[in-house]
Amino acid sequence: MAENNIDATSEAPSDFIRDIVRGDLDAGRHTDIVTRFPPEPNGYLHMGHAKSICLNFGLAGEFGGRCHLRFDDTNPAREEQEYIDAIMEDVRWLGFDWGTHLYYASDNFEQLYAWAEHLIEAGKAYVDDLSAEDMREYRGTLLTSGRDSPYRTRTADENLDLFRRMRAGEFGDGTRTLRAKIDMASGNINLRDPVLYRILHADHPRTHDAWCIYPNYDFAHGQSDAIEGITHSVCTLEFEDHRPLYDWLIENLPVPAIPHQYEFARLNMTHTVLSKRRLMELVDGGHVTGWDDPRMPTISGMRRRGIPAAAIRDFAARIGVSKSNAVQEVAALDACVRDYLNQRAVRRMAVLKPLKVVIENYPEGDGEMLDAINNPNDESAGSRQVPFARELYIEADDFMEEPPKKFFRLGPGREVRLRYAYFITCTDVIKDQAGNVTELRCTYDPETKGGNAPDGRKVKATLHWVSAAHAADAEVRLYDHLFAAEEPGVEGDYLSDLNPDSLEVLTGCKLEPSLADLAPGETVQFERLGYFCRDADAGVFNRTLSLRDTWAKAKSKG
RNA sequence: UGGGGUGUAGCCAAGUGGCCUAAGGCACCGGCUUUUGAUGCCGGCAUUCGGAGGUUCGAAUCCUCCCACCCCAGCCA
């Protein structure tokens with residue numbers, strides 16, 4: 001999969017954000033657009049972030065602008081270097097490049113501080129001594145307006161003095177804040193004198209102990225946008241009512257540029273959760289093996305699971321961007337993964353639940369090498385040699401002693417094709433004491449080498465197989481939805497919706513020899529089964545996704 | 001009468017007064033092809049756009065009222 005960067009969807013997406021950008025460009029409001037992806041380094045990136053990354057970098061790419069990667073690192077209490085590193089790796093893996101435009105909100109701390117003093121001098125910000133509890137009380141409620149803090153009328157000089165002493169470390173955490181002086185009666189709670197700075201004696205991953213006061217999101221984000229020259233600051237819907245504050249700060253500060261904020265609906269998907277808080281709980285609670293557990297909707301989890309970056313990009317393009325709260329079915333993502341892998345993944349044979357087969361009329365000894373096509377959808381993928389011999393393994397599910405009418409695989413007396421090999425007929429069924437089928441005795445027709453009968457004889461099924469003597473052993477991990485419920489947590493605790501069968505570990509699986517040298521991280525198709533990815537853990541394969549299986553569906557319907 | 005949003009098929013989503021008796025994708029249902037019961041191909045799938053009124057020759061698109069759902073009361077982002 002070297003050409004992971006080629007997207008399946010070629011048409012340029014159209015949505016309200018792109019309409020706005022196009023309009024701004026056409027009207028000459030901007031000659032170049034600049035966007036940004038602004039993660040807080042307090043966790044790993046997930047599918048929801050992927051949607052945002054594709055939007056922001058996509059916009060820059062489509063309209064000839066650029067997209068910055070900016071860490072919104074204004075809360076040292078929960079940010080870590082580990083997350084910064086992981087985030088950069090994930091964005092790059094997704095296929096995007098921020099070039100030299102890597103920024104940190106913390107790089108702006110000095111400028112932000114100066115702007116805070118500017119607001120104080122203009123009488124538009126004040127130092128408040130209210131405790132968090134009192135401030136909540138003064139803020140009012142959704143239905144009632146708030147009241148002015150008793151400290152709201154301090155003079156600019158007094159505020160300046162206090163604010164400088166806050167920076168100097170004279171006060172303890174939580175004892176004072178810097179607040180914008182806007183309107184305690186506003187219907188928009190974000191405008192009821194929002195906190196701009198808080199005291200936090202904490203070690204910051206980048207500035208360490210240089211500061212003990214930190215700007216919060218509202219004071220850092222828009223101003224960082226202005227400093228970087230961001231033209232379109234795209235965020236999610238929950239920030240919609242922060243926009244008046246965003247604009248108020250931009251208007252009241254001598255910023256070098258005027259950015260604008262636009263909001264779109266965040267991604268929701270069935271059978272999973274997309275919130276850093278919950279994903280963190282799954283990791284900390286040991287419900288998964290880590291942020292990169294293949295069942296996680298994190299970018300690292302999906303990567304380990306074998307999902308190609310191009311499929312994720314295609315998914316982002318297909319679902320579009322809107323303002324309506326929507327829940328995407330995972331099936332839509334699955335379709336993107338299958339589309340991509342069907343075209344690109346090389347085919348191999350592997351038997352997950354082996355059933356031994358002995359071809360009684362086949363000569364004993366080394367056997368022979370047979371030619372097998374690597375990808376019927378891509379001639380350039382070529383072919384390979386697969387060893388065939390007297391003793392083989394076939395999939396246990398491909399045999400039934402008493403096959404029902406619609407089952408057309410192997411059964412006593414039946415003839416089927418072994419892919420790229422021969423037609424075989426089952427002549428005898430060997431069982432153990434308990435009556436379990438342990439081995440099949442078959443005969444083959446030497447005339448059918450390669451898989452076709454010269455007499456035109458047809459067969460109803462083609463089975464995958466592996467030569468017993470040449471097979472490599474492997475552990476294969478089968479994954480299912482992490483959550484059994486479509487929307488975890490709609491009723492009760494979301495953890496109670498965890499799917500107890502989300503992981504099935506199969507050992508003693510038999511692989512064709514070429515699979516032994518597959519590179520970790522590469523996804524291939526196991527014929528008739530699905531797509532599988534070699535894990536970094538040698539000898540382990542993760543199932544990316546099964547193939548569509550109309551037989552299984554028909555069977556379950558009865 | 002707190003503020004801000006959203007409502008188009010099972011799930012997404014185009015559409016911005018007349019080529020809309022409403023794109024496209026996913027899902028689903030048929031048929032054909034097939035050395036993967038995969039893939040591919042063909043066909044089906046909203047006389048209707050949250051509801052009710054109104055404006056207009058003409059409305060999913062404009063107006064009014066109503067209904068439903070989502071977000072906001074962190075010194076988180």
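Protein chains get the first letters and strands the later ones, always in sequence-line order, with residue 1 at the start of each.
- Atom CZ in A:Arg548 sits roughly 9 Å away from atom P in B:rA38 (whole-Å rounding).
- Ring centers of A:Tyr126 and A:Phe163: at least 6.0 Å apart, outside the cut-off.
- Considering A:Asp148, A:Asp129, A:Asp128 in turn, A:Asp129 is the only one that fulfils the salt bridge (Lys or Arg N to Asp or Glu O under 4.0 Å) rule with A:Arg154.
- For B:rA13, one of the phosphate oxygens OP1 or OP2 lies less than 4.0 angstrom from a side-chain nitrogen or oxygen of A:Ser324.
- Taking atom C1' on both nucleotides, B:rG7 is separated from B:rG43 by 32 Å, rounded to a whole Å.
- Under the Watson-Crick and G-U wobble criteria, each requiring two contacts below 3.5 Å, nucleotide B:rU34 is left unpaired.
- For B:rG37, the OP1/OP2 oxygens have no side-chain nitrogen or oxygen of A:Lys553 closer than 4.0 Å.
- Look at the C1' atom in both B:rU33 and B:rC11: the space between them is 30 Å, to the nearest Å.
- Rounded to a whole Å, the CD1 atom of A:Ile17 is 15 Å from the C1' atom of B:rA13.
- Protein atom CG of A:Leu418 is 14 Å distant from nucleotide atom P of B:rU36, rounded to whole Å.
- Across the P atoms, B:rC12 and B:rG30 are found 25 Å apart, a figure rounded to whole Å.
- A close approach under 4.0 Å does occur between a side-chain nitrogen or oxygen of A:Ser322 and OP1 or OP2 of B:rA13.
- Other residues, nucleotides and ligands contribute only 12 or fewer heavy atoms inside 6.0 Å of the CD1 atom of A:Ile373.
- The base of B:rU36 is paired with the side chain of A:Gln525 by a donor and an acceptor separated by under 3.5 Å.
- The nucleotide whose nearest atom lies closest to any side-chain atom of A:Ala331 is, among B:rC12, B:rA27, B:rG37, B:rA27.
- Rounded to the nearest Å, the gap between the C1' atom of B:rA59 and that of B:rG18 is 10 Å.
- Aromatic ring orientation, A:Phe388 versus A:Tyr444: tilted (interplanar angle from 30° to 60°).
- Salt bridge annotation for A:Asp225-A:Arg70: present, with a cationic side-chain nitrogen under 4.0 angstrom from a carboxylate oxygen.
- Rounded to an integer number of Å, the gap from A:Phe315 CZ to B:rA27 P is 12 Å.
- Phosphate contact (OP1/OP2 of B:rG37, side-chain N/O of A:Arg528, threshold under 4.0 Å): present.
- Using cut-offs of 30° and 60° for the angle between ring planes, the A:His242 and A:Phe239 rings count as perpendicular.
- Comparing B:rC71 with B:rU55, their C1' atoms sit 34 Å apart, to the nearest whole Å.
- Ring planes of A:Phe109 and A:His204: perpendicular class, angle over 60° (limits at 30 and 60°).
- Using a 90° window around 0 for the glycosidic torsion, B:rG51 falls outside it and is classed as anti.
- For A:Glu329 against B:rG10, a side-chain-to-base donor-acceptor contact under 3.5 Å is present.
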(request) Report, as a single string ordered 5' to 3', how protein heavy atoms within less than 4.0 Å touch nucleotides 70-77 of chain B: B base, S sugar-phosphate only, - not at all. (result) SSBBSBBB

